[in-house]
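None of these values were measured; they are calculated from a predicted model.
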Amino acid sequence: MKRRTKIVVLGSALLLTAGAASAATASDAPRERATASDAPRQREAAALTGTAKLYRSAGDDITFSFDAHLAAKDKADPSKATGTFAFSHYLNGEGARAEVKVDCLLTGGKVAVVSGVVTESDLPGAEGKRVGVTVHDLGRHDRLGYSWASTGSPVDTKELPKCVSSAPFEKVAKGTGDFTVVPWQPDF
């Protein structure tokens, strides 16, 4: 046998012996109980997180923040999403804010549509209304749209279904977009 072949054969034999010894040792060792921290972490089915201010040339102060998640176990039902999002719109010291409990989250690629019911707001008539927001995660140039784009106010939106919003037509202000979208991958 040539020297090179002997080295490869010897190396292979050593690896096989080491593998067999490890397997025997592992099977002979007493089994420990697995804990939740030992289980492999499963990727959540979808998510939308982050905060940004919208760009408005008139100087409006408009902010959106998201913390919405769809657990892996709920992958087949986007209406089991959990979390919250908030938005505010002020100009010259006047405006309103709202906090929303998430009731649906759909994502595809870098686009997310999230909806929820307003739980707290200083905009009269907004509490109890469903609103939806669309985010396009484009890195430093994120975009955003919202369900009340055509009505002018969340209060004027009638019976909005879950996970409905408008195209992401608004630009975020430079340096503020940090949205992160985890794409939904349903089993079809």
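Closest of all the heavy-atom pairs between Val102 and Ala68 is CG2-CB, 3.8 Å. Scanning all heavy atoms of the two residues, the minimum distance from Ala126 to Val155 falls at N-CG2, 3.7 Å.
When ring centroids are compared, Phe66 and Phe179 come within the 6.0 Å threshold.
Distance alone, capped at 3.5 Å, is enough to place a donor-acceptor pair between the Asp178 side chain and the Thr51 backbone. Of the possible donor and acceptor atoms, one in the side chain of Ser121 sits under 3.5 Å from a partner among the backbone N and O of Arg97. The closest donor-acceptor contact from the side chain of Thr84 to the backbone of Lys101 lies at 3.5 Å or more, if one exists at all. The backbone N or O of Tyr146 sits less than 3.5 Å from a side-chain atom of Ser166, completing a donor-acceptor pair. Of the possible polar contacts, one joining the Ser165 side chain to the Gly132 backbone as a donor-acceptor pair under 3.5 Å is found. A donor-acceptor pair is defined here as one N or O able to donate and one able to accept, closer than 3.5 Å; such a pair exists between the side chain of Asp142 and the backbone of Leu138.
Val182 and Leu144 are assigned to two separate hydrophobic clusters, defined by single-linkage of ILVMFWY side chains at heavy-atom distances under 4.5 Å. Clustering ILVMFWY residues whenever any of their side-chain heavy atoms sit less than 4.5 angstrom apart, transitively, puts Phe64 in a cluster other than the one holding Val113. By the rule that hydrophobic residues join a cluster once side-chain heavy atoms approach within less than 4.5 Å of another member, Val135 and Phe87 end up as members of one cluster. Cluster annotation: Trp148 is connected to Phe169 through the hydrophobic network of ILVMFWY side chains, with a link wherever side-chain heavy atoms come within less than 4.5 Å.
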Test side-chain hydrogen bond (donor to acceptor under 3.5 Å, both in side chains) on Asp103 and Ser115; report intermediate values, then the result. CA-CA 6 Å; Asp103 66 8; Ser115 65; 2.7 Å; yes
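Classification of Glu44 and Lys75 as a salt-bridged pair fails, no side-chain N sitting under 4.0 Å from a carboxylate O. No salt bridge links Arg130 with Glu159; every basic N to acidic carboxylate O contact stays at or beyond 4.0 Å.
Atom CZ of Arg140 is separated from atom OG1 of Thr176 by 12.5 Å, given to the nearest 0.5 angstrom.
Looking only at atom types and distance, the side chain of Asp60 has a donor-acceptor partner in the side chain of His89 under 3.5 Å away.
Lys129 is not listed as a side-chain neighbour of Val117, based on a closest heavy-atom distance of 4.5 Å or more.
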